[in-house]
Amino acid sequence: MPKIQMKTPLVEMDGDEMTRVLWAMIKEKLLLPFVDLRTEYYDLGLPHRDETGDQVTIDAAEAAKRLGVAVKCATITPNKQRMTEYNLHEMWKSPNGTIRAILDGTVFRAPIQTEGIRPVVRTWEKPITIARHAYGDVYKNSEMAIPGPGTVKLVYTGEDGTRQEQTVHDFKGPGVVQGLHNLDASIASFARSCFAFALDQKQDLWFSAKDTISKTYDARFRDVFQQIFDEEYREAFEAAGITYFYTLIDDAVARVIRSKGGFIWACKNYDGDVMSDMLATAFGSLAMMTSVLVSPDGIYEYEAAHGTVTRHYYRYLKGEKTSTNPTATIFAWSGALRKRAELDDLPELSDFADVLEQATLDTISEGTMTKDLALLWDGDADSVTSEEFLDAIAGRMEEMLSDGVDVEAEEFETEFETVTLVDDEGGEVTCEIVYRAIRGEEEYAVLMDEEGGALVLHCVYDGEDENSYHFEEPDEVTAESVFAEFEEEMGEPLEDGDE
Ligand code: NAP
Ligand code: MG
């Protein structure tokens, strides 16, 4: 199979701990065998961030600005304990925070849905994407404990000396007070990222706040969204057949629960923080949540929503094989490759992204999955290590990418019987007969290996008993060559219905 070509490199941001281990495995098993992968590599692993004084994070963000599409592995945000663990020069800031600040983007989080893991809310048929405003409000607040009776005021002093003053509260006893702020520029970028992403996804956009209570603060959010929509996006939304609407946060919550899903819900900072955790849990698991940072000028950075899975990494360091779920990280790669394909007009690369996702979902829905999912699964699940899971996906991808023969074969899978094959070395393989043709004394069959269902073998029946099939050069035979060989020998193509 020739490798799929790329034009422009992706910005690749490597990371830490268990996700760094998975990152390398995903590349080795799922990407490099199929794609002539071009990336501009930045090592955002904590040791390298420390060595470069965190310059590498800034360089990576600048590269994303230049190239337009990035894929990022989860990274450690250092705290006190990490300072000693990694012997750091400084407690570096969160890389995601730094990148977000440089790209001025909004984070969209969407669950990956699979058959067999039902959302808690039965009506949800499609994913719900949360867009969380990532600036200001309670996350940049200023708060104070009030010791006793007294007055708290909001005071604004303009550069030109103008003054506004308002009483917050006349305290008769002790209490607390908090000051919040936001910026028109930040709200506007948030709005533009949301409108751009809704158009990209062809999904409706909802925005919610509490403007009935917060008549100046939340009302500003509502008005900025509405103005930008009317002036810049209304026509494009109409052309795409999607809608934007604003509603109160409490009304939005009620509608979300009753909905079928399949839309983007833009939330203020705090609402988005809370609601995204609720949605992740209700849809299944944090390990199945993707995250994409979209800047108002259309730069995309894809990643998994979860962290570096430290607990699993410590077990990995002790030599254990862990069952860490790589799905969200795989979808970060497929998302980035699909976006690159769209920008560079590479339909083959875009198809590859589809195959990568489909092979992952099929592997899960047919019962092979990591431990976290097996716990949520209704029915019999085969709980495997990360490596086994990735191997199963790779097997499926090979099958799907080899001329589409797999799709035909799958349709007949259950109608035919199973045979056990013994090869020359005495190894046994159980196979399903997907095509069979009897011609004269000989029987020809195309069999599918059950382990991962990936292999198509050419076998010859020598007429002894039901198990007397043998391999013919199984290593060199491809599905295509089996069909071609059959046709050559029999003078007609192998067809459905040949019995
Ligand atoms: P975490 O890495 O998301 O893991 C928390 C727990 O969730 C894990 O211990 C595991 O539970 C489960 N889990 C998460 N992802 C999983 C997966 N792919 N497969 C299976 N189980 C999964 O969060 P954390 O432990 O709070 O944070 C660890 C580090 O990640 C921190 O240093 C933090 O700074 C960083 N972080 C980075 C990002 C980012 O780069 N985007 C985001 C969040 C956190 P069990 O142990 O019960 O199996
Ligand atoms: Mg949260």
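Please read these numbers as outputs of a predicted model, since none were measured by experiment. Start at 1 and go down the list; that is how both ligands and their atoms are numbered.
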Heavy atoms of the protein only: does one fall short of 4.0 Å from [atom]?
{"atom": "atom 26 (O) of ligand 1", "answer": "no"}
{"atom": "atom 5 (C) of ligand 1", "answer": "no"}
{"atom": "atom 19 (N) of ligand 1", "answer": "yes"}
{"atom": "atom 44 (C) of ligand 1", "answer": "yes"}

Part of [X] with heavy atoms under 4.0 Å of ligand 1, whether side chain, backbone, both or neither:
{"X": "K371", "value": "neither"}
{"X": "R311", "value": "side chain"}
{"X": "E303", "value": "side chain"}
{"X": "N96", "value": "side chain"}

Would you mind checking which non-hydrogen protein atom is closest to [atom], with the distance to 0.1 Å?
{"atom": "atom 30 (O) of ligand 1", "value": "T308 N, 3.0 Å"}
{"atom": "atom 35 (C) of ligand 1", "value": "T75 O, 3.4 Å"}
{"atom": "atom 11 (O) of ligand 1", "value": "H312 NE2, 4.3 Å"}
{"atom": "atom 14 (C) of ligand 1", "value": "H306 CB, 3.9 Å"}

Which atoms of ligand 1 are found less than 4.0 Å from any heavy atom of A287? 16 (C), 17 (C), 18 (N), 19 (N)
Suppose I only count heavy atoms of A74 and a 4.0 Å limit; which atoms of ligand 1 are within that range? 40 (O)
Is the closest heavy-atom distance from R82 to ligand 1 below 4.0 Å? yes
With a 4.0 Å cut-off on heavy atoms, does K72 reach ligand 1? yes
Does [X] pair with [Y] as a salt bridge, N-O distance under 4.0 Å?
{"X": "K268", "Y": "D218", "result": "yes"}
{"X": "R396", "Y": "E366", "result": "yes"}
{"X": "D16", "Y": "R49", "result": "yes"}

Sequence neighbours left out, what pairs pass salt bridge (Lys or Arg N to Asp or Glu O under 4.0 Å) with at least one residue falling in residues 197-212? D200-K339, K210-D250, D211-R222
Pair F237 and F229, ring centroids less than 6.0 Å apart: yes
Can we call the ring centroids of F207 and F225 under 6.0 Å apart? yes
Candidates S323, G307, A328; heavy atom nearest atom 38 (C) of ligand 1 found on G307
Checking heavy-atom distances from atom 34 (O) of ligand 1 to each of D372, T77, T310, the winner is T77
Quick check: closest heavy atoms across I242 and A198, and the distance to 0.1 Å? CD1-O, 3.7 Å
For ligand 1, find out whether one of its N or O atoms is nearer than 3.5 Å to an N or O atom of V309. yes
Here the gap from I99 atom CD1 to L44 atom CG, rounded to the nearest 0.5 Å, amounts to 5.5 Å
Measure from the side-chain N and O atoms of S208 to the backbone N and O of L248, and report whether any donor-acceptor pair falls under 3.5 Å. no
Hey, is the main chain of I299 close enough, under 3.5 Å, to the side chain of S295 for a donor-acceptor pair? yes
Applying ring-ring contact (aromatic ring centres under 6.0 Å, His included) between Y233 and each of F195, F197, Y244, report the one that passes. F195
Ring geometry between H133 and F221 (parallel below 30°, tilted from 30 to 60°, perpendicular above 60°): perpendicular
